Amino acid sequence: MSADPSEAAALISPISESKNLTNKDHTYDTFSKPSVDGSVNQEDDSKILSSSGQHYVVYTRRWYILLVYASMAFLQAAGWNTWGPIADTAKPVLNWTDADIALLTNMGCITYVLSAFVFAWLLDKKGLRTTLLICSTLLMIGLVIRCFPVQVEYAKLTMNIGALLIGFSAPGINAAPPLVSAVWFPQYQRTTSTAIMASSAYLGVAGSFLIGPLIVTDITNTSGSRILPFNESYSDYDGEDIDPVIRSNHLREINTLLYIECAVGVFFCLLIWAYFPAKPPSPPSASAHVERQDFMRGAATLSRSSAFWMPALAYACSIGVYNVWTTQFDTIFQHLVGVGQNDAGWIGFYSNLAGVIASLIFARVVDYLGGQMKKVLIGITVAAIICLIWFLLICLEIISFNLVSLYISCVVSSLLLNSTVPIYFEVTVEGVYPVAEGITTGVLTWLLNVVGLFFLFVLMIPDVGISWMNWTTLGAVVFTLPCLFLYKERYNRSLQDTQIDEGIDNQSLPSQRE
């Protein structure tokens, strides 16, 4: 059945609405959708015929690719942040310390720093399918190892091995969103699709804050009151003194959480093995089929390009510190009376969920504007600084403590900062094009994890305290502003799409040698 030409035209209507993109005439016809084996079985994709005679095909199955990828990113993030939301229970039940919880979180940063460039190379040389097959398999094995039935004294070993493999699965997953968008999505949907995929990791962290405390409950005393870290009775709950029945019940809850994450991991790993192509048969845009710089040349270009370093430093410092800071909510809130594991979990959940929603909204705005990313980032950052100052004043008791105020300050700051992630991805990829998207985002996320690694290493120092985390987070976000003001905004990839469509030689692109 042929598609209505008006429906096909609707697919590119945002292009003509975009203020920074050239409005052109196109012709459209229908294109049949290949099945898994490549045969034609549906007619629900649209082919765009540019004035230069090149066919750009927008496949409906791009949404399936996005959904599967987003699910893997969700699960990887939830697996990485398993222990922070249930720390109040895990520490006495498993006889762990704050340093043990921090090490499990830090495994993600350590493995990322060690392997990010390997996975960036894989994305560049082997493509999406091979990279995500490796990552999904590593993630599945890591989740399975955490479910091994071992004695409590050996649980720390299996959990760290599992965390190690879960961490190694992250670079290929986290660096892929702009590449998936470039390969599968048309120009006017790239920022939005990147936002959906990048936000799925934050949704996974949000889910871990919700699901973890719902399954793994707080430890209670004989009167039924929950035990909080600032209560004197909390010191009596260690691996030796805890009542065997209470301990057994909470161990069962922890195992249930691990089994659920493992089952979901196995399912999505098999789904990727079954079908996840490296790219569509035909490109969705002009820039999608333009050959990128090879890995070494692309890395050299990034190393000397201010178009990369200014947004990269802003992203790595602000989001790198903020991401790790939110995983420590349970520890940070210990001194605030009435804020325990359950409230910390809800604050973490609402904070990350708000960030996911906001990132989709701001990404759609950026897609509609056809640019203006620098102004959007500066506005969001200033608002986030105000929210973090509010939070800091609450913790310092300069402002009277109020649970509602704590919720609002955390949720709004997360809403603002997490919404910048897909914009940072896209503005950096645009500025350094034709460097391959996998290389650019691989280095971006590597820098983010280097920052997070230093933050968590400080946290592992005995008696280092808590208040420094809040001040460091505020300082990191403030540092973002001079980087953004110094950044010279450019949209090389969007310009490439427009110029090729007009038949202009792509050699007119600005040089990246700076």
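All values below come from the heavy atoms of this structure, side chains included, with hydrogens, waters and symmetry mates left out. Residues take their numbers from the sequence shown, with the count starting at 1. Quantities reported herein were computed from a predicted structural model and do not represent experimental measurements.
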Smallest separation among heavy atoms of [X] and [Y], with atom names:
X	Y	result
Ala198	Val421	CB-CG1, 4.2 Å
Gly79	Arg146	O-NH1, 3.3 Å
Val324	Gly320	CG2-O, 3.5 Å
Leu448	Ala316	N-CB, 3.7 Å
Gly265	Leu75	CA-CD2, 3.0 Å
Leu104	Met159	CD2-O, 3.7 Å

Spacing of [X] atom [atom1] and [Y] atom [atom2] [to the nearest 0.5 Å]:
X	Y	atom1	atom2	value
Tyr64	Trp184	OH	CH2	10.5 Å
Met197	Asn174	CE	CG	12.0 Å
Met140	Glu261	CE	CD	15.0 Å
Leu67	Arg62	CG	CZ	13.5 Å
Phe455	Thr105	CZ	OG1	11.0 Å
Ser115	Leu122	OG	CG	10.0 Å

Report yes if the side chains of [X] and [Y] come closer than 4.5 Å at any heavy-atom pair, otherwise no.
X	Y	value
Val152	Asn95	no
Met72	Leu139	yes
Ser248	Arg252	yes
Tyr275	Arg61	yes
Thr89	Thr217	no
Met107	Trp80	no
Leu415	Ile357	no
Ile260	Ile215	yes

Treating [X] as the side-chain partner and [Y] as the backbone partner, does any N or O pair qualify as donor plus acceptor under 3.5 Å?
X	Y	answer
Thr82	Ala78	yes
Thr326	Asn323	yes
Ser199	Ile196	no
Arg247	Leu94	no
Thr111	Gly167	yes
Gln76	Ile173	no
Asn255	Leu251	yes

Point to revise | Aromatic ring proximity Phe425/Tyr315, centre distance under 6.0 Å | key: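 Under 6.0 Å, so yes.
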Check your understanding: Can you check whether Phe185 and Trp63 have ring centres sitting under 6.0 Å from each other?
Key ->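 Under 6.0 Å, so yes.
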Exercise for review: Taking atom CZ of Phe276 as the centre, report whether more than 12 heavy atoms of other residues, nucleotides or ligands fall under 6.0 Å from it.
Suggested key: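 Yes, because the 6.0 Å sphere around CZ of Phe276 holds more than 12 heavy atoms from other groups.
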Residues in side chain to side chain donor-acceptor pair (under 3.5 Å) with [X], at least two apart?
X	result
Ser409	none
Trp96	none
Asn449	none
Trp471	none

Exercise for review: Enumerate the residue pairs fulfilling ring-ring contact (aromatic ring centres under 6.0 Å, His included) with a member in residues 128-149, sequence neighbours excluded, ordered by first and then second residue.
Suggested key: none
For [X] and [Y], test the side chains for any donor-to-acceptor distance below 3.5 angstrom and give the result as yes or no.
X	Y	result
Thr381	Thr480	no
Ser193	Ser181	yes
Trp273	Thr137	yes

Exercise for review: In sequence, state the C-alpha distance, the side-chain angles, and the governing distance for Ile347 and Phe209, and then conclude on side-chain contact (heavy atoms from CB on, under 4.5 Å).
Suggested key: CA-CA 8 Å; Ile347 290 173; Phe209 277 112; over 6 Å; no
Review point. Restricting to pairs with a member in residues 310-320, which pass salt bridge (Lys or Arg N to Asp or Glu O under 4.0 Å), not counting sequence neighbours?
Key: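 Listed by first then second residue: nothing to list.
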Exercise for review: Apply the test side-chain contact (heavy atoms from CB on, under 4.5 Å) to residues Val458 and Trp468: give CA-CA distance (whole Å), side-chain angles for both, the deciding distance (0.1 Å), then the verdict.
Suggested key: CA-CA 10 Å; Val458 174; Trp468 69 271; 3.5 Å; yes
Exercise for review: Please name all residues satisfying ring-ring contact (aromatic ring centres under 6.0 Å, His included) with Phe119, sequence neighbours left out, ordered by chain then number.
Suggested key: none
Just jot down the side-chain contact (heavy atoms from CB on, under 4.5 Å) partners of [X], sequence neighbours excluded, or say none.
X	value
Leu474	Ile385, Leu388, Ile389, Leu392, Val478
Cys483	Leu313, Ala314, Phe479
Thr130	Lys126, Ile134
Thr420	Ile319, Leu377, Ile380, Tyr424

Point to revise | Under the salt bridge (charged side-chain N to carboxylate O under 4.0 Å, His left out) test, residues paired with Lys156 that sit two or more places apart | key: Asp100
Practice item. Before giving the answer on side-chain contact (heavy atoms from CB on, under 4.5 Å), spell out for Ser414 and Tyr322 the whole-Å C-alpha distance, their side-chain angles and the decisive distance to 0.1 Å. Key: CA-CA 9 Å; Ser414 179; Tyr322 184 80; 2.9 Å; yes
Exercise for review: Test side-chain contact (heavy atoms from CB on, under 4.5 Å) on Phe391 and Cys410 and set out the steps.
Suggested key: CA-CA 7 Å; Phe391 173 85; Cys410 291; 3.5 Å; yes
**Study point:** Plane angle bin for Phe117 and Trp446 - parallel if under 30°, tilted between 30 and 60°, otherwise perpendicular
**Key:** tilted
Check your understanding: What's the verdict on ring pair (Phe, Tyr, Trp, His ring centres under 6.0 Å) for Trp346 and Phe329, showing C-alpha distance, side-chain angles and the deciding distance?
Key -> CA-CA 10 Å; Trp346 281 110; Phe329 274 170; over 10 Å; no
